[in-house]
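To keep things clear, I will list the structure first and then write my remarks on it.
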Amino acid sequence: MKTATSSARRLVSGLLAAAMLAVSTAGAVWADDAKTPEDEWASPDGQQSQQDAADAQAEADFEAAYQQLSDRYKKIQAQLESIKKQKSSVTSKKKSAQEKKAMLQQEITLTEEKIEVLKETIAQTEADIAYYEEEIAHKEEEIALKQQEIDAADQELKDRLRAMQLSGMGSDLDALLGAGSFGDVMLTAVNQARVAEHDQAIIDDLYYNKHDLETKKGWVEEAKAENERKRQSLEADRADLDASIEELESLTAQVNGEIQQIAAEEQELSAEQADIQKQLEAIENEIQSIIANNSGDTVYGTGEFIWPLPGYTKITSNFGQREISGQQDSHTGVDISGSGVNGANIVAADSGKVIAVRDYTSGYGKHLILDHGDGKTTVYAHCSAILVSEGEVVLQGQTIARVGSTGWSTGPHLHFEVRINGKAVNPLQYFSGI
């Protein structure tokens, strides 16, 4: 009896081995065609990869746009700082008023641009936050679905284990020994292999889904943290925007006040300029009248001029059109100056007769006119002292006055004119090397 039982067991063992070999071969084919759980975790399905790529591209686009706005903001801020520094450096009354007005208006323009950049930055950040809130909500839905899948698979495994325990299917060998025929043995073996394969697939899905669940949860946490950082940045930008708007309102009020002040100063300067122009015209008319009434046929000069201010050749204002206090002015001579010029000797450019000596509180200040004959006259203005008298005939090179700063003068210098028949011409054409 023992021998028969042993033979039966050897037969069953052989059949079981053959059945398991067949199942193992089928399993090998399945293993070649299917991805392992590790492969699935390392390479999610195409749809998930596309979503990850879209998320990465969206983040890159947001960062690029935000960086561009940040760069524009920094550039405008640097320009504003430069304008504020320049505002304190202008000095000339008319020029200062005009430049300050222009700088204030430029500062307003830059502040307005700064506000626009801040608004764009805020809008960009809000869009960024909204995008990630939508993505977070989407991921949380995916997490909930994954959790349901995991719970269902987990419950299925528990139910199968419980059913196996209740049915007594605790041993593959016992199930095979309980089969009635060789065909039953083969069928039982294959069925058990399929059951094992199904259980392994459930386990693999559980493993992958849990891994994917943790990945999604991690992404959500990072996205929430990033959104919190963006919200803080947004609040800072909004505070900066409010401050910029307040600064703009203050600046606009300041500009309006400055413009009114500048307009008043410009009106005052225009009135002063008109008065100066009238006085200059009166002086010009007087000079021409003096020349016309005092020039005779007598020729006093040599016909050649010498430099009227020996030792000083610096020209601080040339003959012709120039700008004074923002207004165009016709300069009828040249201004000669230099270090230590105050009180220097002024000499007669040529021999001639003194036909006028004047002392004005404005205009030419203390000045004199020499008639050289042949329609040539010279004028010497802004003197501190005149050393000759009207009607006196002087020689070329004779000291006739001393340099000063009388009348409309910004500093010690000699205003020197050459006139032909009463009309002012460029004095420098009579001198070489000047």
Side-chain angles (χ1 to χ4, degrees), residues 91-92 95 276 280 283-284 287 291 299-325 327-360 362-388 392-434:
T91 53
S92 171
K95 187 177 180 181
I276 290 171
L280 288 173
I283 292 171
E284 178 68 18
I287 289 174
I291 292 172
V299 176
Y300 301 97
T302 64
E304 300 291 334
F305 290 129
I306 64 170
W307 192 246
L309 192 58
Y312 299 90
T313 58
K314 181 179 180 180
I315 306 299
T316 56
S317 184
N318 281 299
F319 175 87
Q321 291 295 314
R322 63 179 180 175
E323 183 177 309
I324 298 180
S325 299
Q327 301 290 333
Q328 289 296 316
D329 171 70
S330 180
H331 195 217
T332 52
V334 292
D335 291 344
I336 309 168
S337 187
S339 177
V341 75
N342 193 37
N345 291 334
I346 300 170
V347 302
D350 198 359
S351 299
K353 180 181 179 180
V354 180
I355 59 175
V357 173
R358 297 289 186 270
D359 186 0
Y360 294 154
S362 61
Y364 282 26
K366 289 182 178 180
H367 64 283
L368 65 108
I369 303 172
L370 294 182
D371 174 31
H372 305 286
D374 285 336
K376 293 180 181 179
T377 53
T378 52
V379 181
Y380 310 78
H382 304 303
C383 304
S384 61
I386 295 176
L387 308 179
V388 293
E392 185 178 342
V393 176
V394 299
L395 299 176
Q396 185 180 55
Q398 179 181 336
T399 300
I400 56 176
R402 303 202 194 285
V403 173
S405 185
T406 56
W408 289 324
S409 172
T410 57
H413 71 282
L414 168 64
H415 172 83
F416 175 65
E417 295 182 8
V418 173
R419 289 177 178 256
I420 304 298
N421 297 319
K423 182 181 180 181
V425 297
N426 188 354
L428 296 182
Q429 65 181 299
Y430 296 97
F431 304 94
S432 60
I434 301 299

Looking only at atom types and distance, does a side-chain atom of [X] sit under 3.5 Å from a main-chain N or O of [Y], one as donor and one as acceptor?
X      : Y      : result
Asp371 : Lys353 : no
Thr406 : Lys366 : yes
Ser337 : Lys314 : no
Asp374 : Lys376 : no

Next item on the list: Sequence neighbours left out, what pairs pass salt bridge (Lys or Arg N to Asp or Glu O under 4.0 Å) with at least one residue falling in residues 404-418?
Entry: Glu417-Arg419
Check: Aromatic rings Phe416 and Tyr380: how do their planes relate, parallel, tilted or perpendicular, breaks at 30° and 60°?
Finding: tilted
Next item on the list: State which residues pass ring-ring contact (aromatic ring centres under 6.0 Å, His included) with Phe305; sequence neighbours excluded, sorted by chain then number.
Entry: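 Applying ring-ring contact (aromatic ring centres under 6.0 Å, His included) to Phe305 gives His372, Tyr430.
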Below 4.5 Å, heavy atoms only, C-beta onward: do [X] and [Y] meet side chain to side chain?
X      : Y      : value
Thr313 : Phe431 : no
Cys383 : Ile346 : yes
Val394 : Val354 : yes
Ile400 : Leu370 : yes

Check: Does the separation of the ring centres of His415 and His367 fall below 6.0 angstrom?
Finding: no
Notebook entry, point to check: Taking all atoms of both residues into account, what is the closest heavy-atom pair of Glu304 and Gln396, and its distance?
Noted result: O-NE2, 2.7 Å
Notebook entry, point to check: How long is the gap from CD1 on Ile369 to CD1 on Ile287, to the nearest 0.5 Å?
Noted result: 5.0 Å
